[in-house]
Amino acid sequence: MLEGNSRRLKFQRGFKALAGLALALALTHADTQGAPRRPDPLTPDDTFVALREAARVNDIAQADALAARLYCYGEPAYVDYFRIKARMYDSGGNVRSDAPDAEIHAFLQRYAGMAIADRMRNDWLLVLGKRRDWPQFDQEYPRFVLNDDTQVKCYALLSRILAKSSPAQTLSDEAAALLTEPKYYGEGCIDLIGALAQNYLIPRDQIRMQARWALEKNLNTLARRIANVTNDDRADNDPLATVTKSARNDPAAAAKAFQHVAPSLSADEQGAGWAVIGAFYARKFAAAEALAAYRRQQALGGEALLSPETREWKVRAALVGGDWSLALRAIDGMLEGLRRRDPAWTYWHGRALKALGSDKAAADFQQLAGAYHFYGQLSREELGQKIAVPARTTVGEPEIDAMRGRAGFARAQKFFDLNLRFEGTREWNWELRGMSDRELLAAAEYAKRINLLDRTVNTADRTQTEHDFSLRYIAPFLDLMQTTTDKIGLDIAWTYGLIRQESRFIMNARSSVGASGLMQVMPSTAKYVARKIGLDSYSHGSLDDVGTNILLGTSYLNMVLADLDGSQPLASAAYNAGPSRSKGWRAALPRSVEGAIFAEAIPFAETRTYVKNVMANATLYAALFIGQPQSLKARLGQIAPRPPNGSNLP
């Protein structure tokens, strides 16, 4: 379990790869000094991993030397990619003026259709955008298959603005749809915002609004860069920016200060300021204060100045406070794109309609009831159905064998063996493009047979009409897990639901803060639990043993569950964000709320998603194990406020 906002899994390359890099550096240095060449002690795989690292730090000399040693390596496209990639930027991260255009064009032709070619095109488009080489950019952009990089999309729109190739309103509308998540902006989107301002495609108050959106997410440097794209004197002294920074730390103090500033602002600006204060109150479960601030905003206006996140927190404040009318108005006031992207708002829209006595609620639930995620399950229950697994589609051996011959899967497996999970995942997912449901199930079964269990889950998760939930919700080490959980009386379905979210069953998973294994146990927590359960043989290296990891992880999970009165949503939140936070959130509740509302209102986005996924997983695992329909609502239960106890669980 991890604490803080960052839980992205990172995987250590291990001492072998690091030693390989050090040896490669030493050998290269000796070669450049004219010393006699010694036999290369590195394996080709060591050298390849070292080449990847040299490309990451833009070390041209090192990349060239290492690539030269790999002239017969089995992945020539990647050797070429890393060698060329090192030449795109200098050591300071700036685009090189002598970036190898001709080599890149040759690479894209030579490896056309491969995942690595699309990755190279992604990198190259960023370079072309930074260089303002719009003719080449416009030529390459339509060939970018995945087109999943926000910065590249910003550069593409910037090129069209400069060329005036579309009507002004079209450009403005597309920018509004694109610029909704500041954490993905980067240099390309800053430049786009500047061009929008210079061409009068965006009002200056919208630029200040974009800066405030960044501030709401604590992206202070980005906020300053956005504010500085115009010569707007007010950008540096925006009172709404000031209240945003203040409310982030202390919404009560911000509210007091804003009362003195508000009379000098327009009604819309006053409304926006109160909405931001309301959002930060809502993050503290201070529903009464949040609702009071949001109601002031409703009376004043300023809806157009609200960030997507502030709009979302208006709904959450209304849910926690029990104001279904405000929840409905807040969802109706959301941007259409935001509502479509997140099923939460369709579900809560239906719940608000139902609470207010409307017969239109069922239409919202029907939209989601075919899905198996958190809101799909809840919607199904609102329609009077329980949660059951769909009929199993079984694929044959010839279909599975066909997956063995796919080059992308073979390449992915090699990279996973080298702990190069970024490359492995990209290759695997590239191969899945355009597959039918049966092909996806065959690929998932193949992944299971070669022990790529995270790929098994993720691949089976993609099917639309034909399913195999024994693959989507795999249960490795079932006998061991059953014995362990039975001994302490722990719900095995919930335990598997948590593991599926924690590690996706990757045995050697390592988090950014040092959590290990299937259950992502922190070393300090493992030591504490081992002492509590009398595991005298425990040592730090024991966490890599599956049995020990399961024993310590389930024991700690059981301790957390008991400490939180048997509430699985609270305990799931505690496993992710720490027991003290989960207890603090419960203590701050203004009233007893259903578990789904608590999950929706968790202040940390990562923990909020985590709890929803764990609980939805657990319900489906239970349906699989027991063979009977289940209720997610019953599993979520009710959560009532309670002062934190004196527990000292880590």
Side-chain angles (χ1 to χ4, degrees), residues 88-89 94-109 112-113 117-211 213-214 222-223 225-232 235 304-305 307-308 335-341 433:
M88 290 185 175
Y89 296 88
N94 302 306
V95 172
R96 293 179 60 89
S97 59
D98 58 346
D101 295 31
E103 285 191 76
I104 292 170
H105 283 300
F107 180 96
L108 294 174
Q109 292 177 3
D118 206 52
R119 178 63 190 180
M120 175 66 87
R121 183 167 281 113
N122 190 165
D123 297 332
W124 184 226
L125 286 167
L126 289 173
V127 168
L128 295 173
K130 291 174 188 289
R131 286 196 335 203
R132 300 296 190 268
D133 187 344
W134 303 122
Q136 282 204 82
F137 183 98
D138 293 341
Q139 183 178 6
E140 290 296 334
Y141 182 62
R143 300 169 183 163
F144 183 20
V145 176
L146 293 184
N147 195 21
D148 56 354
D149 188 317
T150 300
Q151 276 209 78
V152 170
K153 293 178 182 179
C154 284
Y155 278 131
L157 188 52
L158 174 59
S159 176
R160 290 169 54 204
I161 289 172
L162 297 177
K164 295 181 170 56
S165 59
S166 299
Q169 189 60 52
T170 299
L171 296 169
S172 181
D173 291 344
E174 290 185 24
L178 177 60
L179 297 171
T180 59
E181 184 45 78
K183 69 180 179 180
Y184 298 128
Y185 281 7
E187 183 179 331
C189 298
I190 302 294
D191 292 346
L192 172 62
I193 292 171
L196 290 166
Q198 292 166 14
N199 289 273
Y200 303 102
L201 296 171
I202 183 173
R204 289 191 173 188
D205 63 349
Q206 294 290 315
I207 296 173
R208 292 194 292 270
M209 178 180 69
Q210 284 281 343
W213 292 4
L222 175 63
R225 293 185 65 191
I226 293 173
N228 290 335
V229 299
T230 68
N231 295 321
D232 184 359
L305 298 180
S307 71
L335 301 174
E336 187 61 31
L338 174 63
R339 284 189 59 183
R340 283 198 304 268
R341 283 196 300 270
R433 293 173 307 119

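Heavy atoms only: backbone and side chains are in, while hydrogens, waters and symmetry mates are out.
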Nearest non-hydrogen partners of [X] and [Y], listed with the distance:
X	Y	answer
Tyr184	Gln151	O-CG, 4.1 Å
Ala211	Ala223	O-CB, 3.4 Å
Val229	Gly194	CB-CA, 3.9 Å
Ser166	Leu171	O-CD1, 3.6 Å
Tyr185	Thr180	OH-N, 3.5 Å
Asn147	Lys153	O-CE, 3.0 Å

State which residues pass salt bridge (Lys or Arg N to Asp or Glu O under 4.0 Å) with [X]; sequence neighbours excluded, sorted by chain then number.
X	value
Lys130	Glu187
Glu174	Arg160
Asp98	Arg96

Mind listing the side-chain donor-acceptor pairs of residues 122-129 below 3.5 Å, one per line with the distance, residues two or more places apart or on another chain?
residue	atom	partner	partner atom	Å
Asn122	ND2	Asp149	OD2	3.1
Asp123	OD2	Tyr81	OH	2.5

Find out whether [X] and [Y] are in side-chain contact, i.e. whether some heavy atom of one side chain is under 4.5 Å from a heavy atom of the other.
X	Y	result
Leu178	Cys154	yes
Asp191	Arg132	yes
Trp213	Pro308	yes
Arg208	Leu305	no
Arg143	Leu108	no
Val95	Met88	no

To the nearest 0.5 Å, what is the distance between [atom1] ([X]) and [atom2] ([Y])?
X	Y	atom1	atom2	result
Ile226	Leu179	CD1	CG	8.5 Å
Glu181	Thr150	CD	OG1	8.5 Å
Ile161	Gln198	CD1	CD	10.0 Å
Met209	Arg204	CE	CZ	15.5 Å
Leu158	Leu196	CG	CG	8.5 Å
Gln136	Glu140	CD	CD	7.0 Å

Contacts of type ring-ring contact (aromatic ring centres under 6.0 Å, His included), residue Tyr89, not counting sequence neighbours: none
For Phe137, all residues meeting ring-ring contact (aromatic ring centres under 6.0 Å, His included), sequence neighbours excluded: Trp134, Tyr141
Salt bridge (charged side-chain N to carboxylate O under 4.0 Å, His left out) assessment of Arg131 paired with Asp101: CA-CA 12 Å; Arg131 286 196 335 203; Asp101 295 31; 2.9 Å; yes
side-chain contact (heavy atoms from CB on, under 4.5 Å) evaluation trace for Leu201 with Gln169: CA-CA 8 Å; Leu201 296 171; Gln169 189 60 52; over 6 Å; no
